[in-house]
Number of protein chains: 2
Amino acid sequence: MTKPTESQDFIQPSLNGPSAKLEASLSLAIHEHRLLPGTKLGEDELCDIYSVSRTVVRTALQSLSHSQLVDLKRNRGAFVAQPTIREAREVFEARSLLEPRTAYSAAERMTDEALALLEAHIAAEHEALEAGKPGKALRLSGQFHVDISRIADQSTIAGFIERLVARSSLIIAIYWKRQSALCEKHAHHALVDAFRRRDGSDAEALMKSHLLDILTALDLRDISDPPSKLRDVLKP
Amino acid sequence: MTKPTESQDFIQPSLNGPSAKLEASLSLAIHEHRLLPGTKLGEDELCDIYSVSRTVVRTALQSLSHSQLVDLKRNRGAFVAQPTIREAREVFEARSLLEPRTAYSAAERMTDEALALLEAHIAAEHEALEAGKPGKALRLSGQFHVDISRIADQSTIAGFIERLVARSSLIIAIYWKRQSALCEKHAHHALVDAFRRRDGSDAEALMKSHLLDILTALDLRDISDPPSKLRDVLKP
DNA sequence: GTCTCTCAAATTGTATACAATACTGTGCAC
DNA sequence: GTGCACAGTATTGTATACAATTTGAGAGAC
């Protein structure tokens, strides 16, 4: 079984080397909402900040583009991605298709070690919150989901979930409407409890409702059409 | 609704430009089994063949690596990917999780136009077979699945399916054990029939059994463990 | 004949230079 | 005052040069 560890890179870097390091650093910043959607990532600026050549920057940006964290616009540059409302809905639909099943599998495959790691994970999340690091807490919150998918030991689906969680981070940055911390904290505890009991059905149901809960915290109302003409609006 | 057309690139190229062209060309060759798993893709050789600089080649190879069609091995080069037996199982498991649901959605969203395109697609597939182009038929066979996912109009999941179909092409190149053409030909007809009737449940069930049929045509037997020691085997 | 070591060539990783495109500010016309 | 055109600069796309790593062949030792 693949052991989830916090030291594991959040998004699998392309390969070792300076570009992988840069990619990991940018990925982390995006996940922690230090880099917000729409932010322009200029090549020369990144070269300056990280003291690497443009070659390295471009490789990292391309890789981030494939992770869908960054949009590359030809001849215009790279920008932290901005998922639309439609995409937000799709992402959570895909998550609700994949993750409950994955939670079920994880419960069936659960070991004491994996359980301890999930628990340590939740503790780290709370710690980050108390230390006034909401960005880190947010990232860890998403990582919890990725860890579950890795425990389920189906790497293809885990890869998809990883991608969906990454995309979710961007969606949350744009559309989150709650004041409180991201994932309702009892939800992760309840999941771990189901895992402790190796109760797949319970885990599946909990994951489903947990995802629904996240979805309801997003403001995905259709933006109403702008008025056709100012005259129409402003006319007495 | 996104209209599936055969002229659409099989794998979404990174962006326009020479690297995107090269990527599409290599992707096509891989899908048509003209480039087989394990094949080394040397940078200079590709530069020669396609008359582009190494920059373009490297960009295309990186993108193909993200599509999981190519493995980049640091300091060693790029190789057409070779999925393991385990990965093969995972890919089809993921497909059986996603595609039946997608077929259901496609049936519900079916239009006469989309239906005509699917029918044209099957015709092109048969045509390729009769013209003695099994590689093209194979590619079109996989593309049929991608087209269905696009009709379902959930682009996030369609993206995943596209990736799974790409990976399947490699798996089939390695593990296919049937003599005949790839997808049993009646299966696609039956699916189109269900779509014509807008019968989601039937489409879902047919897709499920179709995928199971493909899976059974793959030789995914565990390779038996090699003997621990030659002495153990050879001792009289 | 086989194995090991060395060296040169091949290949990949990366930096830098040049080419192409987009952006912004200024000046001019209305 | 506003809008448009142009020029200069910034930025991205791509080619090429240089650096680092790998591979394979040949020679020598056993």
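Quick caveat, the model's predicted, so the values are computed rather than measured. Per chain, numbering begins at 1; letters A, B, ... match sequence-line order. Heavy atoms only: backbone and side chains are in, while hydrogens, waters and symmetry mates are out.
Separating the CD atom of Glu43(B) from the P atom of dT14(C) is a distance of 11 Å, rounded to the nearest angstrom. Between the NZ atom of Lys73(B) and the P atom of dG13(C) there is a distance of 13 Å, given to the nearest Å. Taking atom CZ on Phe79(A) and atom C1' on dT11(D), their separation rounds to 11 Å, with Å as the unit. Distance, Leu22(A) CG to dG13(C) P: 17 Å, rounded to whole Å. Nucleotide dT11(C) holds its P atom 12 Å from the CG atom of Leu46(B), rounded to whole Å. Look at CZ on Arg76(B): it is 18 Å from P on dA20(D), rounded to the nearest Å. In this structure, Asp44(B) places its CG atom 13 Å from C1' of dG13(C), rounding to the nearest Å.
Of the candidate nucleotides dT22(D), dA22(C), dA17(D), dA22(C) has the atom lying nearest to any side-chain atom of Asn75(A). For Thr55(A), counting side-chain heavy atoms from C-beta on, the closest listed nucleotide (dT16(C), dT12(C), dT12(D)) is dT16(C).
The phosphate of dG13(D) (OP1 or OP2) has a side-chain N or O of Arg58(A) nearer than 4.0 angstrom. Note on Arg74(A): a side-chain N or O is less than 4.0 Å away from OP1 or OP2 of dT14(D).
Here Lys40(A) does not pair with Asp71(A) in a salt bridge; the nearest charged N to carboxylate O distance is not below 4.0 Å. Using a 4.0 Å cut-off between charged nitrogen and carboxylate oxygen, Lys133(A) and Glu32(A) do not count as a salt-bridge pair.
Val56(A) comes within 4.0 angstrom of the backbone, heavy atoms only, and of no base.
A parallel orientation is assigned to the rings of Phe160(B) and Phe160(A), their planes being inclined by less than 30° (bins at 30° and 60°).
Counted by atom type alone, Gln143(A) and His121(A) present zero donor-acceptor pairs between their side chains at under 3.5 Å.
Along DNA chain C, the nucleotide nearest Lys40(B) and the nucleotide nearest Ser51(A) are compared for position; the residue whose nucleotide lies closer to the 5' end is Lys40(B).
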